[in-house]
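Throughout, numbering of the chain's residues begins at 1 and tracks the sequence. Values below: all heavy atoms of this structure, side chains included; hydrogens, waters and symmetry mates excluded.
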Amino acid sequence: MTRIELLGVPVDVCRPENLEEEIMKILEKPGTKQIVFLTIWDLLKARNKKKDLGDCLRNADLILPISKSILKGARFLKLQVPVRYNPFTAVIQILNALDSHYKSLYMLGARKKTLQKAEHNVHDTFRELRIVGRYVGYFPKSAEENVVQAIHKASPSLVIVSDGIKEKNLWSYHRRDKFSSSIFLYYRDCLGIFAGRIRRVNEKTFDAGKEIWNEIGHSPLKIFLIFPYIWYKILLIFTRLFKKGKKTEDGIYHVESLEKKES
């Protein structure tokens with residue numbers, strides 16, 4: 001697997017047929033691990049002012065792009081182009097891999113009824129996957145120590161972090177020294193989709209890269225994301241014009257690329 005840098009932000013190039021193997025490799029590593037679904041908006045935040053997010057991404061074990069603009073940006077800068085993942089489809093692939101290897105799962109987030117329904121449906125679908133715990137989201141600060149201890153004690157193979165966790169990807173990163181050997185994966189809508197309370201994005205809509213219009217439909221103010229998107233385009237043009245790069249043995253002109261380092 002190769003890790004490139006797009007505008008200074010790491011992105012992994014991982015083919016779907018290699019995903020299960022990569023998940024198993026990550027599980028073998030000691031300590032807390034993290035998989036990140038990277039949007040174009042998080043890429044811009046990590047690059048500009050969110051230092052913690054940038055550090056989180058640099059320390060992540062697997063960074064899968066879910067925005068079509070990331071692929072276009074890599075192609076424009078003549079980097080190796082990563083594979084774009086539908087986050088829900090990727091979660092299913094990951095759970096299938098864990099299920100086939102008799103691993104375990106902890107579910108964190110959502111409201112009580114949603115979480116219970118999601119647990120029931122996951123259990124029915126992935127028969128060999130042990131669900132070793134769950135905890136609702138939106139919990140008060142006073143309950144956090146109990147949540148952390150519960151996850152540490154259960155030591156699941158994977159912790160799915162969903163809505164109701166304010167820090168999102170940074171929640172597990174900021175507490176990485178308090179866990180034992182789990183992989184953490186944040187996906188806001190995951191438990192809601194599993195519970196049947198949230199409709200997943202249509203495959204054709206996702207493949208066309210038009211899922212943003214669904215989000216704007218639910219939150220009209222997101223129309224103003226056009227401004228950071230324009231800034232992203234400007235950054236790409238500036239980088240291609242003025243950044244120095246080198247041609248590697250594969251004949252691809254790399255502006256900023258590096259092999260993924262083992263943590």
* Hey, is the main chain of Tyr173 close enough, under 3.5 Å, to the side chain of Arg176 for a donor-acceptor pair? -> yes
* **Sole candidate of Ile63, Asp42, Asn169, Val91 that passes side chain to side chain contact (heavy atoms under 4.5 Å, CB included) when paired with Phe37** => Val91
* Asked: Does some side-chain heavy atom of Leu38 sit less than 4.5 Å from a side-chain heavy atom of Ser67?
  -> no
* **Glu128 backbone acceptor or donor facing Asp99 side chain under 3.5 Å** => yes
* **Short side-chain to backbone donor-acceptor contact, Lys204 and Asn202, under 3.5 Å** => no
* Asked: Once you round to the nearest 0.5 Å, how far does CZ of Arg58 lie from CG of Leu53?
  -> 9.0 Å
* Structure fact -> Residues Leu170 and Cys56: closest non-hydrogen pair is CD2-CB, 3.7 Å
* Identified salt bridge (charged side-chain N to carboxylate O under 4.0 Å, His left out) counterpart of Glu119 within the set Arg130, Arg134, Lys113 -> Arg134
* Asked: Cut-off 3.5 Å, side chains only: do Ser180 and Ser155 have a donor facing an acceptor?
  -> yes
* Asked: Hey, are the side chains of Ile151 and Phe179 touching, using non-hydrogen atoms and a 4.5 Å cut-off?
  -> yes
* Test side-chain contact (heavy atoms from CB on, under 4.5 Å) on Ile183 and Gln34 and set out the steps. => CA-CA 5 Å; Ile183 298 175; Gln34 189 167 14; over 6 Å; no
* hydrophobic_cluster_shared for Tyr102 and Ile23, side chain cutoff 4.5 Å -> no
* To do: Before giving the answer on side-chain contact (heavy atoms from CB on, under 4.5 Å), spell out for Leu158 and Tyr106 the whole-Å C-alpha distance, their side-chain angles and the decisive distance to 0.1 Å.
  => CA-CA 6 Å; Leu158 175 69; Tyr106 194 103; over 6 Å; no
* Shortest non-hydrogen contact between Arg111 and Val136, atoms and distance -> C-CG1, 4.2 Å
* Asked: What pair of heavy atoms forms the shortest contact from Thr114 to Ala195, and how long is it?
  -> O-CB, 3.4 Å
* **Salt-bridge contact Asp61-Lys29 (side-chain N to carboxylate O under 4.0 Å)** => yes
* To do: Kindly indicate, with the supporting measurements, whether the criterion side-chain contact (heavy atoms from CB on, under 4.5 Å) is fulfilled by Leu62 and Val36.
  => CA-CA 6 Å; Leu62 184 60; Val36 176; over 6 Å; no
* Under 3.5 Å, side chain of Lys117 to main-chain N/O of Gly196, donor-acceptor pair present? -> no
* **pair Arg175-Glu167: side-chain heavy atoms closer than 4.5 Å** => yes
* State, yes or no, whether a side-chain contact exists between Ser172 and Tyr186 at a heavy-atom distance under 4.5 Å. => no
* Structure fact -> Shortest non-hydrogen pair, Asn86 vs Arg200, comes out as ND2-NH2, 3.9 Å
* To do: Quick one: pull up CG in Asp189 and CZ in Arg197 and give me the separation to the nearest 0.5 Å.
  => 14.0 Å
* To do: I would like to know whether Leu44 and Leu235 meet side-chain contact (heavy atoms from CB on, under 4.5 Å); could you show each step before the answer?
  => CA-CA 10 Å; Leu44 289 171; Leu235 288 171; 4.1 Å; yes
* More than 12 heavy atoms of other residues, nucleotides or ligands under 6.0 Å from NE2 of His123: is that the case? -> no
* To do: Using salt bridge (Lys or Arg N to Asp or Glu O under 4.0 Å) as the criterion, list what pairs up with Arg84, not counting sequence neighbours.
  => Glu211
* **Nearest-0.5 Å distance, CD1 of residue Ile165 to CD1 of residue Ile160** => 13.0 Å
* Asked: Quick one: are Phe184 and Thr32 in side-chain contact, heavy atoms under 4.5 Å?
  -> yes
* Which pairs pass ring pair (Phe, Tyr, Trp, His ring centres under 6.0 Å) with one or both residues in residues 65-94, sequence neighbours excluded? -> Phe88-Phe194
* Is Lys51 salt-bridged to Asp55, going by a charged N under 4.0 Å from an acidic O? -> yes
* State, with a plain yes or no, whether a side-chain heavy atom of Asp12 is found less than 4.5 Å away from one of Pro82. => no
* Which heavy atom of Leu98 sits nearest a heavy atom of Met24, and at what distance? -> CD2-CE, 4.0 Å
* Under 4.5 Å between any side-chain heavy atoms of Ile66 and Ile40, yes or no? -> no
* Asked: Going from CD on Gln116 to CG on Leu191, what distance comes out if it is rounded to the nearest 0.5 angstrom?
  -> 12.5 Å
* Asked: Is Ser100 close to Glu20 at the side-chain level, that is, under 4.5 Å between some pair of heavy atoms?
  -> yes
* Asked: Just wondering, are more than 12 heavy atoms of other shown residues or ligands nearer than 6.0 Å to CD in Glu145?
  -> no
* Rounded to the nearest 0.5 Å, what separation is found between the CG atom of Leu19 and the OG1 atom of Thr89? -> 11.5 Å
* Asked: When clusters are formed by joining ILVMFWY residues with side-chain heavy atoms under 4.5 Å apart, either directly or through shared neighbours, do Val147 and Tyr138 land in the same one?
  -> no
* To do: Check for a donor-acceptor pair, side chain of Thr205 on one end and backbone N or O of Val201 on the other, with a separation under 3.5 Å.
  => no
* May I ask you to decide whether Glu144 forms a salt bridge with Lys178, counting only side-chain N to carboxylate O separations under 4.0 Å? => no
* Inter-residue atom distance Asp163.CG - Arg188.CZ, 0.5 Å rounding -> 8.0 Å
* Nearest heavy-atom neighbours spanning Val132 and Ala154 -> CG2-CB, 3.9 Å
* Asked: How are the rings of Phe139 and Tyr135 set relative to one another: parallel (under 30°), tilted (30 to 60°) or perpendicular (over 60°)?
  -> perpendicular
* Is a donor on one side and an acceptor on the other found under 3.5 Å between the side chain of Ser162 and the backbone of Gly109? -> no
